[in-house]
Protein chains: 2
Amino acid sequence: MSNIREVARRSGVSVATVSRTLKDPQRVSPQTRERVLKAVEEAGYRPNLLARNFSSGKSFAVMVLVPNIANPFFSKVIRGIEKAAQDQGYSVLLGDTKGEPTHEQFYAGMALTNQADGLIQLDSRYPFADKDAALAASVPMVNACERIVEDDRYPVVELDNSGAAQAMARHFIELGHRRLGIVTGPLESPIVRDRLAGFDEELQRHGLELNPNLVVNGEFTLSSGAEGAHKLLSGPIVPSAIFCMNDEMAIGAIHQAKKMGLQVPADVSIAGFDNIEFSQFTDPSLTTIDQPAETMGRYAMETLRKIIDGKPLKSSRTILPFELIARGSTSRCHD
Amino acid sequence: MSNIREVARRSGVSVATVSRTLKDPQRVSPQTRERVLKAVEEAGYRPNLLARNFSSGKSFAVMVLVPNIANPFFSKVIRGIEKAAQDQGYSVLLGDTKGEPTHEQFYAGMALTNQADGLIQLDSRYPFADKDAALAASVPMVNACERIVEDDRYPVVELDNSGAAQAMARHFIELGHRRLGIVTGPLESPIVRDRLAGFDEELQRHGLELNPNLVVNGEFTLSSGAEGAHKLLSGPIVPSAIFCMNDEMAIGAIHQAKKMGLQVPADVSIAGFDNIEFSQFTDPSLTTIDQPAETMGRYAMETLRKIIDGKPLKSSRTILPFELIARGSTSRCHD
DNA sequence: TTGAAAGCGCTAACAC
DNA sequence: GTGTTAGCGCTTTCAA
């Protein structure tokens with residue numbers, strides 16, 4: 001591997017000139033530039049970015065903490081992050097945490113050893129270990145799609161989760177449903193609570209209320225959606241409509257409902273959240289809330305970049321709009 | 001951020017001793033070790049890995065080129081890569097290429113600027129730009145889940161694709177199917193050709209042959225599966241069974257078949273490939289080929305590591321076993 | 001067992 | 001416009 005000295009030697013200039021030619025060509029004379037570039041070519045020179053980064057004290061990499069990379073919603077968010085990162089000359093380090101604190105701490109720790117200039121946390125936990133908290137205070141971090149529990153020090157890029165849940169409640173109510181079930185995500189998650197609150201709020205606005213027995217806990221997985229539906233549909237009070245807090249759980253729920261001999265939506269309406277691509281291909285296709293996943297990723301990265309560069313943020317909270325997509329899995333209540 | 005000099009000063013030893021204490025504690029006396037570790041603690045010192053890596057000339061990162069991160073099969077492969085990478089002290093840089101050469105070249109190029117010590121290519125294209133080929137020759141790379149077209153310089157971790165397709169053909173034949181349709185992946189892909197050949201081979205073994213009119217081209221996406229099924233099911237000869245070369249296309253195909261008023265599997269059997277989690281939750285659940293995705297990722301990373309370290313490989317070709325999972329989407333032919 | 005010092009490849013301040 | 005050089009934080013050889 002040839003280095004900058006080699007190129008300097010070949011072109012008969014100093015290493016500083018080579019460096020300048022590469023970073024800011026305007027600052028060297030055309031003749032010199034040409035000679036240097038020719039030497040670069042001949043030497044097959046590629047700058048050692050490890051050295052450049054070290055020299056500049058930055059890694060130009062960001063660590064993305066994702067609870068579950070197999071979730072297509074997060075895949076889309078990551079795509080958005082990656083595109084924006086590439087535009088800005090950053091690379092993306094992937095940390096699939098499975099929602100486990102030990103993994104989060106491991107990956108978050110990479111920002112403390114200068115392997116990443118900043119963090120994007122897609123989960124709701126403060127990712128650093130307690131013992132690292134002091135050091136971590138100066139690490140640029142943004143939260144996307146979630147909010148870190150009881151910690152408003154970090155900028156957030158999120159959906160209007162409450163509004164989305166309200167819209168979904170309204171959708172059900174307009175279809176005549178009154179016995180509404182919910183399969184939530186993990187209750188530690190602030191956005192799960194937002195959705196729950198929004199849903200409830202809308203019900204109350206219509207003189208209804210959420211029956212606590214019809215709220216079951218899920219984990220954003222296909223199988224937990226199936227389990228949740230099983231609980232709801234075999235309970236003493238059977239809901240006529242079920243709101244699952246992500247599409248995977250909704251797909252699991254539809255599967256389970258059918259397994260129990262019910263028709264969707266004739267016997268029970270089921271809706272999801274996220275609008276992952278699979279949701280168009282279920283039978284029936286899934287009513288859901290569209291989240292602008294890529295945009296969320298992009299905003300998160302752009303926000304993080306500003307923090308890294310010490311630029312001021314217009315706002316520490318970016319709330320993106322949702323869209324309710326009504327498809328075949330919800331219909332008028334047939335009670 | 002405190003550095004190694006600060007720790008040296010605090011503990012009254014040289015930076016060399018601090019370095020040794022951290023990398024190989026046995027080589028310093030117990031008393032010194034204790035003092036140094038105490039100073040590390042007090043200073044809140046974390047080694048700057050950017051500097052360490054630069055000094056060692058390695059990034060301890062690998063770049064993973066993935067054609068489509070939203071494909072759950074690849075997510076699982078990446079999980080396997082990441083776990084293995086973590087075990088080996090490596091980090092994972094993500095390069096979502098969308099199958100586009102320009103993206104591949106961009107990300108692959110990062111290995112030429114020392115940002116990655118090696119590459120894992122999950123697609124079938126030689127990822128470097130032509131002009132980089134000379135330099136790239138010394139870049140450690142392994143191919144997983146795919147084989148680079150006409151290039152056997154790189155180790156491969158793959159499935160017994162031909163065997164899997166044979167098994168699927170046998171499955172159909174045993175169920176009495178004779179008019180067999182296929183929705184392939186991109187034909188440039190060697191593994192697609194392997195599967196096609198394997199399928200055909202098995203048919204011939206039973207005195208049958210593949211009707212070229214029943215082979216349509218897909219792109220491993222939900223919508224291309226639906227399109228493929230549409231072509232097949234509306235053609236002059238309608239197959240009684242369709243083999244889709246991944247689960248997403250199969251899910252698209254099932255959706256399309258139902259849309260056209262057909263019952264699956266009563267009117268047409270449909271099978272997939274990969275055994276992604278969604279395949280258990282379709283209606284009917286999907287007959288498919290299970291690929292050990294995480295294991296493939298792990299092996300790829302372990303193999304790459306050996307190349308990076310200059311260790312000999314036992315074999316440059318690792319072929320992993322498949323398993324045919326028969327579910328509800330295939331049944332006896334009802335012609 | 002420990003310390004002094006060179007060096008990894010690049011950038012940038014400073015001098016000309 | 002260009003060159004000289006210090007320095008980024010660490011590892012590692014060489015001496016002691």
Gap between atoms [atom1] and [atom2], on [X] and [N] respectively (whole Å):
{"X": "A/K58", "N": "C/dT11", "atom1": "NZ", "atom2": "P", "result": "14 Å"}
{"X": "B/R35", "N": "C/dT1", "atom1": "CZ", "atom2": "C1'", "result": "12 Å"}
{"X": "B/N114", "N": "C/dG9", "atom1": "CG", "atom2": "C1'", "result": "9 Å"}
{"X": "A/N53", "N": "C/dT11", "atom1": "CG", "atom2": "P", "result": "10 Å"}
{"X": "A/F60", "N": "C/dC10", "atom1": "CZ", "atom2": "C1'", "result": "13 Å"}

With sequence neighbours excluded, residues passing salt bridge (charged side-chain N to carboxylate O under 4.0 Å, His left out) with [X]:
{"X": "A/E146", "answer": "none"}
{"X": "A/K306", "answer": "none"}
{"X": "B/R125", "answer": "B/E104"}
{"X": "A/E158", "answer": "A/R147, A/R317"}

Degree of bending in the helix from C/dT1-D/dA16 to C/dC16-D/dG1 once both end axes are built from five pairs, to 10°: 40°

Got a list of side-chain donor-acceptor pairs under 3.5 Å for residues 36-45 of chain B, not counting sequence neighbours?
{"residue": "B/K38", "atom": "NZ", "partner": "B/E42", "partner atom": "OE2", "Å": "3.4"}

Side chain to side chain donor-acceptor pair (under 3.5 Å) partners for B/N71, two or more places apart: B/E248

Atom CG of A/D87 with >12 non-hydrogen neighbours under 6.0 angstrom: yes

Short side-chain to backbone donor-acceptor contact, B/S315 and B/T318, under 3.5 Å: no

Please list, one pair per line, the donor and acceptor atoms closer than 3.5 Å that link side chains of residues 130-142 of chain B to other protein atoms, with sequence neighbours excluded.
{"residue": "B/D132", "atom": "OD1", "partner": "A/R46", "partner atom": "NH2", "Å": "3.0"}
{"residue": "B/D132", "atom": "OD2", "partner": "A/R46", "partner atom": "NH2", "Å": "3.1"}
{"residue": "B/S138", "atom": "OG", "partner": "B/L135", "partner atom": "O", "Å": "3.3"}

DNA chain C contacts made by residues 7-14 of chain B, counting heavy atoms under 4.0 Å: B/G12, B/V13, B/S14

Sequence neighbours excluded, every pair satisfying ring-ring contact (aromatic ring centres under 6.0 Å, His included) that has a member inside residues 107-126 of chain A: A/Y126-A/F128

Selection residues 16-27 of chain A - residue pairs positive for side chain to side chain donor-acceptor pair (under 3.5 Å), sequence neighbours left out: A/S14-A/T17

Sequence-aligned protein contact record of nucleotides 8-16 of chain D, with B where the base is within under 4.0 Å of a protein heavy atom and S where only the sugar-phosphate is: BBBBBB---

